[in-house]
Amino acid sequence: MMKHVVKILLLLCTLVHTSICFAEKPVLRVVAEEWQGSTNADLTGKYWDIVRAVYAEQYDLEFEVVSRDRALNLVSKNQADIVIGVYKGQFPNVLTPALHLDMDSSFYLLFDSNKHKIKSISDIDNLNIAGISNYVLKSRLPPNVKLYPMDNLANVARLIEKGRLDGALLYASDLNSADPKKQLEHVEILPKQKMYLGFPNTKQGKQLASIYDEKMPILLAQGKVKEFFDNDLSFQFAEYFSKDHSNPINWYLIAKLYQGDSSLKTLRLDHLYGDYVANHFKNYQFNLKLGSVSVVDSVINAEDKSQNNCVINVFKNPKRSQYALFSKPINTYIRPRLITKENSKSTVIKEASNQGVLNLDSLLTDNPQFRLGIVNKGFAYRTLSNKLPKALFEKIMVFEDAAYGKVIKMLNADRLDAIILWPTVLPEIIPEGVNVQSLTSYTLEEGLGKDISTYLMCNDTPLNQKFIRDINSALDKPDEQRKLYQGLVNSFDEETGKLFKKSLALDFE
């Protein structure tokens with residue numbers, strides 16, 4: 001009997017409109033500016049994923065990447081249902097839920113210290129200040145600030161130097177492009193703030209905000225939201241869970257490596273180390289911040305010791321040693337090496353080497369068709385230009401600063417026979433589909449500099465003294481070394497991995 005009922009229902013579904021049998025979901029239009037890693041143009045990214053996790057069960061979702069101005073206008077005019085990345089109270093016609101989406105980075109004020117003495121937000125009242133449109137909120141500034149929205153703050157230092165502006169509010173990652181000559185001062189003036197989803201101020205908008213507040217705690221408790229973030233550190237930066245801020249350590253990340261679009265990204269080791277520290281030193285509270293070299297040097301050298309500030313993976317020099325605390329070496333940039341792949345030319349390289357050491361002059365002279373590439377015009381490039389005969393040096397193919405991925409792909413496709421680069425950047429640049437275990441590297445007899453050690457650097461406070469002692473003690477233990485470094489070592493070619501372990505005296509197998 002039951003089988004006949006099912007057959008009858010299926011027959012009805014084929015004869016009448018499908019919606020009788022399968023209710024169509026209402027459609028939500030979701031708009032956002034493109035943010036790399038969060039709202040990518042190909043509709044991947046953690047914010048798209050969070051929206052899917054919250055709403056896809058009840059709604060069909062249409063995602064659209066538009067400018068920030070257009071995204072905000074669409075939702076405020078009820079022409080889109082959700083905008084990603086707004087601040088509470090930013091627009092009267094845009095609602096925000098109780099729970100935030102992520103944390104935005106701190107803002108720094110770039111200014112001329114010969115004209116102004118600025119230490120806090122109150123010091124900019126009555127001044128002419130530039131800020132990126134729709135990112136700096138007038139409501140967060142003193143009442144008499146003259147705020148000038150701009151689309152781009154690159155080289156804004158020139159306007160400040162000429163007196164046309166008193167200062168500019170920007171993220172730490174933009175300080176270098178705003179003041180490339182580093183002639184101006186900067187100070188952190190607005191702490192990081194919460195970002196939200198935004199909804200139209202309508203009955204449906206209120207319902208969508210309520211759904212978000214209902215589902216996000218469940219997704220967080222299940223660990224689903226954490227899966228959308230690249231690493232533990234970026235998840236902690238979002239501050240979904242309340243924590244004790246009574247005496248935190250400000251943990252600064254600095255973007256150091258150029259990508260293909262010429263933007264900077266933080267290194268894998270920096271994230272690995274941050275994840276390790278946050279997960280293994282539960283007795284400390286960490287406040288993740290995004291900074292720059294100049295920001296970090298200023299906060300660690302500051303006379304005010306009321307805050308604990310640390311940064312990972314930086315160089316040690318005599319000047320810094322006068323005011324900062326340093327851990328044991330935590331990383332080594334192995335000097336530039338020749339990297340090749342197992343192919344028809346690998347025999348040529350092996351025959352030219354002497355116990356893993358190559359004379360590049362002899363290799364290129366004896367093999368005139370050898371295709372060698374080098375990335376950028378940095379240290380290795382300059383050194384080889386001085387050590388090799390001009391005719392040989394001109395045979396080397398030179399690639400631009402951000403072309404790491406391209407060079408590795410060419411090597412993998414046998415369009416290059418070998419490349420020269422700092423081998424410990426391999427984990428940062430290996431494209432998908434390239435097996436690092438298929439690569440091998442050789443020491444160059446020409447001597448391209450020395451290995452460079454980097455450290456954890458902190459300002460000298462009682463808490464940081466204890467923290468660095470705890471870090472050093474933990475990393476003396478092979479089991480702790482393995483937790484931090486095993487994955488990184490496995491992402492090097494075999495020879496580089498051996499050199500890396502030896503340089504840091506790592507004792508795990």
Side-chain angles (χ1 to χ4, degrees), residues 36-37 46 173 223 226-238 249-259 264-282 284-291 293 296 309-316 326-334 404-405 422-432 434 436-437 451-458 467-468 470-494 496-509:
Q36 189 172 28
K46 60 180 178 285
S173 56
K226 187 175 182 179
E227 294 175 2
F228 302 143
F229 286 76
D230 289 336
N231 50 66
D232 289 352
L233 210 57
S234 59
F235 177 72
Q236 291 167 22
F237 181 78
I249 294 174
N250 293 322
W251 187 269
Y252 284 87
L253 281 182
I254 300 175
K256 302 183 179 80
L257 184 70
Y258 280 100
Q259 305 179 94
L264 286 165
K265 72 170 185 176
T266 49
L267 299 179
R268 181 183 175 193
L269 174 70
D270 296 16
H271 286 286
L272 288 175
Y273 208 99
D275 288 352
Y276 170 79
V277 165
N279 289 317
H280 290 81
F281 294 88
K282 301 291 189 181
Y284 294 95
Q285 295 292 331
F286 298 97
N287 180 28
L288 180 62
K289 293 195 171 193
L290 304 180
V293 172
V296 167
N309 300 307
C310 291
V311 60
I312 193 66
N313 200 17
V314 294
F315 304 124
K316 186 177 182 179
F326 288 90
S327 68
K328 295 177 179 178
I330 57 93
N331 179 38
T332 302
Y333 291 105
I334 304 298
Y404 292 105
W422 295 82
T424 35
V425 305
L426 279 174
E428 316 292 340
I429 64 175
I430 289 287
E432 286 187 21
V434 177
V436 72
Q437 302 305 320
D451 299 344
I452 301 175
S453 297
T454 62
Y455 304 79
L456 169 68
M457 178 174 76
C458 303
F467 176 52
I468 284 184
D470 290 346
I471 287 283
N472 289 341
S473 175
L475 293 182
D476 281 339
K477 302 171 183 175
D479 284 346
E480 297 302 312
Q481 294 173 1
R482 183 181 297 105
K483 291 174 186 175
L484 176 57
Y485 292 110
Q486 182 72 74
L488 190 67
V489 170
N490 290 344
S491 63
F492 298 142
D493 67 273
E494 184 177 356
T496 298
K498 291 176 181 177
L499 292 170
F500 183 83
K501 289 179 67 175
K502 182 178 179 181
S503 71
L504 296 178
L506 300 179
D507 198 27
F508 65 87
E509 294 299 327

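Treat the numbers as computed from the prediction; the structure is a model and nothing was measured.
Between Phe286 and Tyr284, the ring-plane angle classifies as tilted under the 30° and 60° cut-offs. Ring orientation note: the planes of Tyr273 and Trp251 are close to parallel, at an angle under 30° on the 30°/60° scale.
The two atoms that bring Asn490 and Val436 nearest to each other are O-CG1, 3.8 Å, heavy atoms only. Closest approach of Pro423 and Phe492 over heavy atoms only: O-CD2, 4.2 Å. Of all the heavy atoms in Ile468 and Ser327, the pair that sits closest is CG2-CA, 3.9 Å. Of all the heavy atoms in Thr424 and Ile334, the pair that sits closest is OG1-N, 3.2 Å. For Phe467 against Cys458, the heavy-atom pair with the smallest separation is CD2-SG, 4.4 Å.
Pairs engaging residues 477-491 under the salt bridge (charged side-chain N to carboxylate O under 4.0 Å, His left out) rule: Asp479-Arg482, Glu480-Lys483 [sequence neighbours left out].
For the pair Tyr252/Cys310, no side-chain contact is recorded, criterion being any heavy-atom separation below 4.5 Å from C-beta on. By the 4.5 Å heavy-atom criterion applied to side chains, Tyr276 and Leu475 are counted as neighbours.
When the ring pair (Phe, Tyr, Trp, His ring centres under 6.0 Å) test is applied to Phe237, no partner is found at least two apart in sequence or on another chain. In this view, Thr454 and Asn313, Phe315, Ile330, Asn331, Tyr333 satisfy the side chain to side chain contact (heavy atoms under 4.5 Å, CB included) rule, not counting sequence neighbours. Under the rule for a side chain to side chain donor-acceptor pair (under 3.5 Å), the partners of Asn250 that lie at least two apart in sequence or sit in another chain are Asn287, Gln307, Asn309. Considering only residues two or more places apart in sequence or on other chains, Phe326 meets the ring pair (Phe, Tyr, Trp, His ring centres under 6.0 Å) condition with Tyr455. In this view, Asn472 satisfies the side chain to side chain donor-acceptor pair (under 3.5 Å) rule with no residue, not counting sequence neighbours.
Note: Lys289 NZ to Leu253 CG = 12.5 Å, rounded to the nearest 0.5 Å. Note that CD1 of Ile312 is 6.5 Å distant from CG of Leu269, once rounded to the nearest 0.5 Å. Atom-to-atom distance recorded for His280:NE2 and Asp470:CG is 13.5 Å, nearest 0.5 angstrom.
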(request) Check step by step if side chain to side chain contact (heavy atoms under 4.5 Å, CB included) holds for Met457 and Val296. (result) CA-CA 9 Å; Met457 178 174 76; Val296 167; 4.0 Å; yes
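When atom types are taken as modelled, the side chain of Gln486 and the backbone of Gln481 share no donor-acceptor pair closer than 3.5 angstrom. In this structure, the side chain of Ser453 does not engage the main chain of Pro329 through any donor-acceptor pair within 3.5 Å.
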Could you tabulate the donor-acceptor pairs under 3.5 Å formed by side-chain atoms of residues 498-509, not counting sequence neighbours?
{"from": "Lys501", "atom 1": "NZ", "to": "Phe508", "atom 2": "O", "distance (Å)": "2.6"}
{"from": "Ser503", "atom 1": "OG", "to": "Thr332", "atom 2": "OG1", "distance (Å)": "2.9"}
{"from": "Ser503", "atom 1": "OG", "to": "Phe500", "atom 2": "O", "distance (Å)": "2.7"}

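Side-chain contact annotation: Asp476 with Ser473, donor-acceptor N/O pair under 3.5 Å absent.
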